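To keep things clear, I will list the structure first and then write my remarks on it.
On a predicted model such as this, the values are computed, not experimentally measured, just so you know. Below, chains carry the letters A, B, ... as their sequence lines are ordered, and counting in each starts from 1.
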Number of protein chains: 2
Amino acid sequence: MLDVSDLEATRQRSAAVARALADSKRLCVLQCLAEGELSVRDLSDRVGCQVPNMSQHLAVLRNSGLVLTRRDGNVIYYRLADVRILEACRLLQSISS
Amino acid sequence: MLDVSDLEATRQRSAAVARALADSKRLCVLQCLAEGELSVRDLSDRVGCQVPNMSQHLAVLRNSGLVLTRRDGNVIYYRLADVRILEACRLLQSISS
DNA sequence: TCGCTACTTGCGTAGTTGCGCAATCTGTTG
DNA sequence: CAACAGATTGCGCAACTACGCAAGTAGCGA
C-alpha cells in the first residue's frame with residue numbers, strides 16, 4: 001500500500017547489504033567465490049588474514065544473506081547466494097572509477 | 001599489468017562507495033535526487049532530519065563522488081553525479097529482498 | 001552596514017566495526 | 001577415549017560513525 005515505513009524498511013535492508021559490501025576484504029571474498037566454493041582457510045589464505053578474522057567477515061556476509069554454506073566433514077564451504085552480488089561488485093567498481 | 005596492489009586499491013574505492021550507500025538516510029537522499037536537484041533544506045525535510053545532520057550526510061556523498069552541487073544565490077542544489085547510482089540502489093534493493 | 005536565510009563545521013557522546021588473541025565448539029581419525 | 005584440524009565465539013582495544021547542538025561562514029536584500 002505504499003507505506004512510508006515499508007519504504008524505510010526496504011532502505012534499511014538495502015543499507016545492510018551495502019554495509020556488508022563496504023569492506024575491501026569482504027569484496028575480495030566475494031570475488032574469490034565467483035570462481036566457486038571455498039573453505040574458510042582457503043579464503044583466509046587468499047585474502048591474507050587470520051582464520052578467526054575471516055570467520056567474522058564471513059559471518060557478516062552470512063547474516064546479510066550474501067553467502068551460503070555447505071558442510072563436508074569438518075570443512076565448511078562458502079559460496080555466493082546470488083549471481084547479482086557479482087553484478088553489484090562490478091557496478092560499485094564502475095561507479096568508483 | 002594486473003598488479004595485486006591495484007586490485008586492492010580498486011576494492012578500496014569500491015568499498016568506499018558501498019560505505020556511502022550503507023545508510024538508510026543517504027539512500028533516501030539518492031532516491032529523492034532521482035527526481036531532480038534539491039536544496040539541503042528540501043532534503044532534510046524529506047528525509048526527516050536536522051539540517052546539520054543532512055549536511056554531514058551530503059558531505060559523505062560528495063566525498064565519495066556520488067553527488068554534485070550547484071550554487072544559486074545562497075542556496076546549494078545537490079544532484080546525482082551518475083545515473084548508475086540509481087541502478088546500484090535498485091540492485092541493492094533487489095538483492096536484499 | 002545590519003539582519004536574515006542557507007549551509008557548513010566543530011565538538012562531545014553514544015554506538016558500531018575491524019582486528020588480534022585466547023578459548024571453545026565440531027567433526028574426523030587413530 | 002584422546003588427539004587433531006577446521007571453524008566459530010568471546011573479549012578487549014583502537015578507530016570510526018551518526019547524531020544533536022552550538023558556532024561559524026557565505027550570499028542576498030534593506
>> Over all strands shown, is Val51(A) touching base, sugar-phosphate only, or nothing at heavy-atom distances under 4.0 angstrom?
In response: base

> In whole angstroms, how far is the P atom of dG27(D) from the OH atom of Tyr77(B)?
Replying inline: 16 Å

> Taking atom C1' of dC19(D) as reference, at what distance in whole Å does atom NE2 of His57(B) sit?
Replying inline: 8 Å

> Between Val40(B) and Arg26(A), who's closer to the 5' end of DNA chain C by nearest nucleotide?
Replying inline: Val40(B)

> Taking atom C1' of dT8(D) as reference, at what distance in whole Å does atom CZ of Arg41(A) sit?
Replying inline: 14 Å

>> Could you check whether the side chain of Asn74(A) and the base of dT28(C) have a donor-acceptor pair of N or O atoms closer than 3.5 Å, going by distance alone?
In response: no

>> In this structure, how many angstroms lie between the C1' atom of dG6(D) and the CG atom of Leu58(A), rounded?
In response: 13 Å

> So does Lys25(A) pair up with Asp23(A), basic N to acidic O under 4.0 Å?
Replying inline: no

> Between atom CD in Gln56(B) and atom P in dG20(D), what is the gap in whole Å?
Replying inline: 9 Å

> Does OP1 or OP2 of dT8(D) have a side-chain N or O of Tyr78(A) closer than 4.0 Å?
Replying inline: yes

> Should Arg46(B) and Glu35(B) count as an ion pair when the cut-off is N to O under 4.0 Å?
Replying inline: yes

> In whole angstroms, how far is the C1' atom of dT17(C) from the CG atom of Asn53(A)?
Replying inline: 11 Å

>> Could you tell me if Arg62(B) and Tyr78(B) have a donor-acceptor pair between their side chains, going purely by distance under 3.5 Å?
In response: yes

> Arg71(A) or Val60(A): which one's nearest nucleotide on DNA chain C is closer to the 5' end?
Replying inline: Val60(A)

> Rounded to whole angstrom units, what separation is found between the CG atom of Asp45(B) and the P atom of dC7(C)?
Replying inline: 10 Å

>> Tell me if a side-chain donor or acceptor on Arg26(A) pairs with a main-chain N or O of His57(A) at a distance below 3.5 Å.
In response: no

> What integer distance in Å separates Gln50(A):CD from dT9(D):P?
Replying inline: 17 Å

